[in-house]
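Quick notes on the structure that follows.
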Amino acid sequence: MSCTIEKALADAKALVERLREHDNAAEALIEQTTALNKRVEAMKQYQEEIQELNEVARHRPRSSLVLGIQQENRQIRELQQENKELRTSLEEHQSALELIMSKYREQMFRLLMASKKDDPGIIMKLKEQHSKELQEHVDQITEMAAVMRKAIEIDEQQGCKEQERIFQLEVNIQFYGNSKNK
């Protein structure tokens, strides 16, 4: 009888080991099905996004999409060139302002030197005249700089929008070309 109990215990141990192995195999299968499920969901989402992009593109032919992208690229290059020109102009105006300020300092120095020698009334008149002229120049340059900054901001915003649109069109073209080849 002890032989049969030992044998039953050994069989029970073997069954427990097989159950553990089956349990581990079941866990692995569950992990694989979960991963496959996630991939299927991702594929479904990808298909939905592609359908949305196709609707946005209104199923236009590839040639019209390419033509649109080329036109937008040309516009972007023109805007970038204009942006460079505006920056150059801004730099020129800033250097002009620096020149004006150095001339102003020079005039003030002369006035101070003349004040030691000449009539204070003439000096006050000259100071007022130079001050008005300088203020006019500063106002003009400030106004030009503000206009240029605004133009640069608008240009950069437009460039970003154009880049986004080009990217969307390129994605559509790639998808359209891929789906046509299938």
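The basis for the numbers below is simple: all heavy atoms, side chains too, and nothing from hydrogens, waters or symmetry mates. Bear in mind the structure is a predicted one, so any value in this text is a computation, not a measurement.
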State the [atom1]-[atom2] distance between [X] and [Y], to the nearest 0.5 angstrom.
| X | Y | atom1 | atom2 | answer |
| --- | --- | --- | --- | --- |
| R165 | E72 | CZ | CD | 4.0 Å |
| Q135 | Q140 | CD | CD | 11.0 Å |
| E162 | Q80 | CD | CD | 10.5 Å |
| Q157 | L79 | CD | CG | 12.0 Å |
| I76 | Q158 | CD1 | CD | 8.5 Å |
| I141 | M148 | CD1 | CE | 9.0 Å |

- Query: Does the side chain of E41 reach to within under 4.5 Å of the side chain of K38, using non-hydrogen atoms?
  - Reply: no
- Item | Validation row: L86, D155 side chains within 4.5 angstrom (heavy atoms) | no
- Check whether L97 and L134 end up in the same hydrophobic cluster, where Ile, Leu, Val, Met, Phe, Trp and Tyr are linked by side-chain heavy atoms less than 4.5 Å apart. yes
- Message: Treating S89 as the side-chain partner and E85 as the backbone partner, does any N or O pair qualify as donor plus acceptor under 3.5 Å?
- Response: no
- Note on the structure: When every non-hydrogen atom of I100 is compared with those of H137, the smallest separation belongs to CD1-CB, 3.5 Å
- Check the pair E78 / E82 against side-chain contact (heavy atoms from CB on, under 4.5 Å), numbers first and verdict last. CA-CA 6 Å; E78 290 171 0; E82 184 181 345; over 6 Å; no
- Using a cut-off of 6.0 Å, state whether more than 12 heavy atoms not belonging to E143 lie near its atom CD. no
- Which salt bridge (charged side-chain N to carboxylate O under 4.0 Å, His left out) pairs, counting each pair once, include a residue from residues 9-31, with sequence neighbours left out? E17-R20
